Amino acid sequence: MSEPFEPKIVAFVCTYCTYAGADLAGTSRLKYPPNIRMVRLPCTGRISPMFILKALQKGADGVLVSGCHPGDCHFTQGNYHARRRWTVFRALLNFTGIPLERIRFSWISAAEGVKFAELISSLTEDIRKLGPFDQYKAMIHETEAPVSL
Amino acid sequence: MTDNTQNGQENIYRPAIMNVVGKRDEAPGVKTLRLEFQDPVEHERFRQTYRTGMFGLYGIFGEGESTFCVASPETRKEYIECTFRQSGRVTSSLASAEVGDLVTYRGPYGNRFPIEEFYGKNLLFIAGGIALPPTRSVIWSCLDQRDKFGRVTIVYGARTVADLVYKHELEEWQNRSDIELVLTVDPGGESADWQHRVGFVPSVLEEAAPSPENCVAVLCGPPVMIKFTLISLGKLGFNEEHVYTTLENRMKCGVGKCGRCNVGSVYICKEGPVFTAAEVARMPAGDL
Amino acid sequence: MTKILLRDRLDDCITRWHAAGFEVIGPVSKNNISQFAAIEKADELDLGAILPGRTLKDLFFPQTEPMFRYRIGKQQIDTEEYLPPERQRIVFGARPCDASAMAIDDPLFGWDYKDSYWFRRRNETVIVTIACTAADEFCMCTSLKLAPDSTLGSDILLRPLEGNRGWLVEELSQRGSEALSRIEALLEKEAAKPLPPADVPVKFDLEACREWLQNPENFESHFWKEISMRCIGCGTCTFLCPTCHCFDFQDEGDTYTGIRRKNWDSCSFALFTMHTSGHNPRSTQSARWRQRIMHKFNYFPGKFSLNSCSGCGRCTRECPVDMGITETLQEITKLSK
Amino acid sequence: MSIQEQYRKRAAELLASGEVKIIIGYGAGSTPDRRRALFIRSAEDAGLLQVDQACDANLSGYLVSEGLLSDRKKVGIFLRPEGIRSVNILAAESQLDPLQIVILGFSDENGSLTPLQGSSVSDFSALISTLKERRSTPEEQELVEKIEGMTPEERFAFWQAEFAKCIKCYACRQVCPMCYCKRCIVDNNQPQWVQTSSHTLGNFEWNLVRAFHLSGRCVECGGCDRACPVNIPLRLINRRMAQEVLEAFDYFSGMSHTQEPVLASFKKDDPETFIL
């Protein structure tokens with residue numbers, strides 16, 4: 001009937017590690033699915049939970065947040081702060097029914113081109129299996145519907 | 001003013017689409033857009049209703065609407081000019097509109113300067129900073145029928161020389177023999193080649209001492225300037241009933257429904273924005 | 001002979017109204033809140049409460065509604081206008097204060113420029129009101145010169161009969177008669193005496209308050225600061241007020257496409273009157289509370305000869321810090337003596 | 001002497017001696033079972049103060065009212081233990097100087113009120129430590145567990161139905177002592193992160209943002225829950241978040257006025273089981 005479902009995944013990445021890792025994946029000609037839209041930020045510490053909500057609001061089926069391994073932060077501590085924030089925000093999303101399979105977190109260094117490619121492949125596959133985030137999309141759709149009263 | 005035509009529209013919140021046909025930088029952060037109606041019917045409606053002093057809601061879909069006066073005179077209705085300072089979300093996006101882009105406009109709303117009552121009288125215009133645009137609308141409306149009025153005096157001040165808006169028109173007025181133009185900047189705001197006055201508007205006004213005899217004053221500016229200029233006008237012998245000003249408040253609907261622009265019991269959007277100083281004096285000061 | 005609607009005929013009435021193309025709406029308690037919602041059967045109705053938690057205003061002026069969808073192109077902007085769908089509605093079981101509130105807001109939405117969102121819904125809705133035979137300590141309709149059996153704003157007024165048997169029917173408008181004509185056959189004709197309306201004590205002196213509010217000297221009175229000290233500046237009183245009508249426009253979408261919506265706004269919010277320059281004419285909570293009281297009991301009646309309050313008491317009932325109109329006007333009554 | 005008499009006397013002394021300029025307490029409300037915030041400035045008015053179980057509001061939010069503390073004078077305030085924790089957090093977040101706050105504390109032990117010994121925030125640290133060890137009420141815990149037992153779809157549907165009721169009156173925000181931002185994130189429109197319209201999506205986003213900003217800061221006074229005019233069980237989310245910071249970081253909010261905020265600090269060995 002219609003085209004097969006292609007998930008839309010937004011990735012918020014730190015420019016020093018994961019973005020460089022993605023770059024390495026590219027220059028190494030590693031293959032990974034094209035479902036990812038990357039947003040590059042100076043540090044994972046800059047990644048506000050607002051970004052994740054905004055991605056969902058704009059219709060993302062999955063979100064990846066990724067940065068430097070602990071201890072490797074360009075700004076020394078940004079990712080430690082980010083880690084606490086993610087822990088809490090993840091619990092909140094879980095409690096309000098946003099499936100954790102859709103919101104993922106990872107550490108990928110500039111040298112881990114292979115890890116990046118593999119993660120994107122497995123993440124895309126996982127979300128493809130989950131299907132579109134219909135529950136959230138229904139809520140978005142409701143805002144576009146004409147007057148109901 | 002009571003307008004039962006509803007501007008001929010069924011949905012009063014539907015804006016007209018305007019082409020940006022001109023854009024001018026006036027001062028740092030201050031821009032003028034010249035707009036033309038896309039729809040001739042809307043334009044005709046504007047021609048029929050617009051009088052100097054009325055305001056409109058200018059906007060960009062996706063950002064919202066913002067209220068300011070129509071800066072062009074009622075004697076030139078082929079277009080609308082608006083001058084604004086880039087400060088919030090809407091004005092920032094309006095400021096980035098270029099010639100050829102589209103913006104929205106709703107209006108004209110509110111009351112007007114009763115120009116007919118000024119016929120045969122001397123006119124004194126006083127403006128401060130970004131408040132020249134509403135004054136300029138009246139100034140040109142009168143200058144375009146210059147023979148109907150007596151002496152015309154314009155007192156205009158800004159913080160610095162760079163902050164003066166409509167510089168090309170100031171030059172034009174400067175060169176006209178039938179206008180007395182008094183320009184001033186706040187102390188410290190003058191440039192090396194500044195040949196006009198230095199000082200705050202109220203004191204400069206007192207120095208210039210225009211005669212209150214058979215004279216109508218139009219005064220626009222920030223609240224502080226208005227407050228002290230009114231005192232100066234009083235000293236010069238002006239009657240509050242013959243001093244006109246415009247008030248601007250935050251508005252959303254422009255048509256007396258959204259409930260935020262009132263000062264005391266007066267809805268600025270419907271009973272204003274033009275008031276005499278006497279009317280303003282009767283409003284509760286704590287609400288201004 | 002008077003007309004009687006028996007409670008056990010209500011289901012048949014609803015069926016007939018549905019058949020005649022009316023949507024039937026009434027107070028429904030669900031999910032820990034009572035509000036007006038479309039119903040299919042009479043047993044969905046919650047007619048026992050003093051007042052539903054949410055007001056009748058929701059049906060005529062929803063908290064958020066789309067006005068335009070826009071699509072921005074290089075040469076043109078396409079706008080699609082959303083107006084309320086045309087359909088006939090019957091609201092069964094409103095309270096007199098809520099119904100009055102709709103009539104109070106009519107002149108506001110109609111002066112000069114007519115708000116089509118409001119009037120379309122108003123013109124298509126029949127309001128069937130049930131007179132109150134019980135009141136709680138927050139009810140204050142009588143203080144506003146209204147009553148537990150006021151007819152203002154209603155198309156039909158029902159007066160409860162003893163033993164929960166049904167209601168005595170009073171036709172009040174053309175629209176009401178039309179709705180009644182659909183169920184004429186279901187009505188009994190007998191002489192019946194309805195239960196007396198609830199006893200709602202008068203809590204303040206409206207005229208004295210108005211006089212006090214009109215006196216310019218009182219505008220800067222210290223009273224405003226004292227009375228609003230504990231106000232936290234939320235929008236509960238305004239959003240649960242059946243007559244509060246302030247609104248805002250919000251655009252939602254991106255650069256090329258989106259929706260402009262009309263949303264409730266509240267004079268209690270600090271940003272309500274804030275200029276872009278940072279200047280705020282009503283910069284303190286006391287100025288904002290004064291505006292709310294002045295607007296309802298001085299400015300609005302000055303313009304439309306109606307108080308912008310119907311005495312439902314929700315502002316006091318639901319206020320998180322136990323404020324409200326009643327207390328303020330009681331204090332003003334004391335001050336004016 | 002009843003606790004109410006005791007505290008009226010103490011309040012009168014504080015005001016009469018000039019130690020405090022104002023006392024924020026509880027007075028009679030509009031109905032017999034309601035209490036409301038009462039601000040008294042003279043010892044004669046101390047008789048208007050009420051102290052009983054109906055005094056449930058956390059008054060600490062009034063401490064950050066504009067201008068109240070700017071003259072460096074002391075302010076007396078009636079607080080339950082949760083309120084004392086709020087004051088600790090406000091102090092830790094540099095919103096007030098704890099030395100300016102004179103606490104008239106009381107707690108509700110099994111249905112009867114007991115006065116708390118001490119008047120400065122640091123006097124109550126032992127008490128707060130015991131609170132940390134205390135679990136929430138069985139009913140609350142049961143509800144949280146009930147929600148946790150649902151599938152994600154059910155949970156989403158549950159909260160969607162609850163948030164659909166939200167009318168964006170922001171009573172939850174305004175009543176919360178922790179929501180002191182001069183400009184809340186929903187009031188910022190450049191950029192507009194959260195949709196301000198009161199449709200379910202906008203409500204969902206707003207409530208998530210609110211809960212997140214209170215994570216590790218909420219003291220579970222229940223003010224938001226009581227304030228909500230449409231009865232959204234806001235307390236459940238706050239409860240769950242408090243549980244999360246306790247389990248993940250051994251963090252209990254409002255322990256002391258020098259405690260670092262949980263999301264503005266870290267340990268190198270914080271758990272990270274979920275990070276790939």
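No experiment lies behind these values; they were computed from the predicted model shown. Here is the naming used below: chain letters follow the sequence lines, and residue numbers restart at 1 for every chain.
Contacts of C/Ser268 with chain D are absent, with no heavy-atom separation under 4.5 Å from either backbone or side chain. In this structure, the portions of C/Asn31 lying under 4.5 Å from any heavy atom of chain D include both its backbone and its side chain.
Heavy-atom neighbours of chain D within the stretch residues 236-248 of chain C, taken at a separation under 4.5 angstrom, comprise C/Thr236, C/Phe239, C/Leu240. Taking 4.5 Å as the heavy-atom cut-off, the residues of residues 59-81 of chain D that approach chain C are D/Tyr62, ordered by number. The stretch residues 36-57 of chain D places D/Arg36, D/Ala37, D/Phe39, D/Arg41 near chain C, each with some heavy atom under 4.5 Å from a heavy atom of that chain. The interface of residues 163-182 of chain D with chain C, defined by heavy-atom distances below 4.5 Å, comprises D/Lys165, D/Cys166, D/Ile167, D/Lys168, D/Cys169, D/Tyr170, D/Ala171, D/Gln174, D/Val175.
The greatest number of non-hydrogen atom pairs below 4.5 Å with chain D, out of C/Arg261, C/Gln285, C/Arg314, is found for C/Arg261. Most heavy-atom pairs under 4.5 Å with chain C: of the set D/Gln192, D/Glu162, D/His199, this distinction falls to D/His199. In terms of heavy-atom pairs under 4.5 angstrom with chain D, the leader among C/Lys30, C/Glu318, C/Arg317 is C/Arg317.
No more than 12 heavy-atom neighbours from other residues, nucleotides or ligands sit within 6.0 angstrom of CD on D/Glu142.
Just one of C/Gln63, C/Glu252, C/Lys262 meets the side-chain hydrogen bond (donor to acceptor under 3.5 Å, both in side chains) condition when paired with D/Ser197; it is C/Glu252.
Under the 4.5 Å side-chain criterion, counting only non-hydrogen atoms from C-beta, D/Val230 is not in contact with C/Gln35.
Side-chain N or O atoms of C/Asp322 include one that pairs as donor or acceptor with a backbone N or O of D/Ser30 at under 3.5 Å.
Note that the CD atom of D/Gln195 and the OG1 atom of C/Thr64 stand 9.5 Å from one another [nearest 0.5 Å].
The minimum heavy-atom distance between D/Asp187 and C/Leu271, with the atom names listed, is CB-CD1, 3.2 Å.
Between the side chains of C/Glu137 and D/Thr31, no donor-acceptor pair of N or O atoms lies under 3.5 Å.
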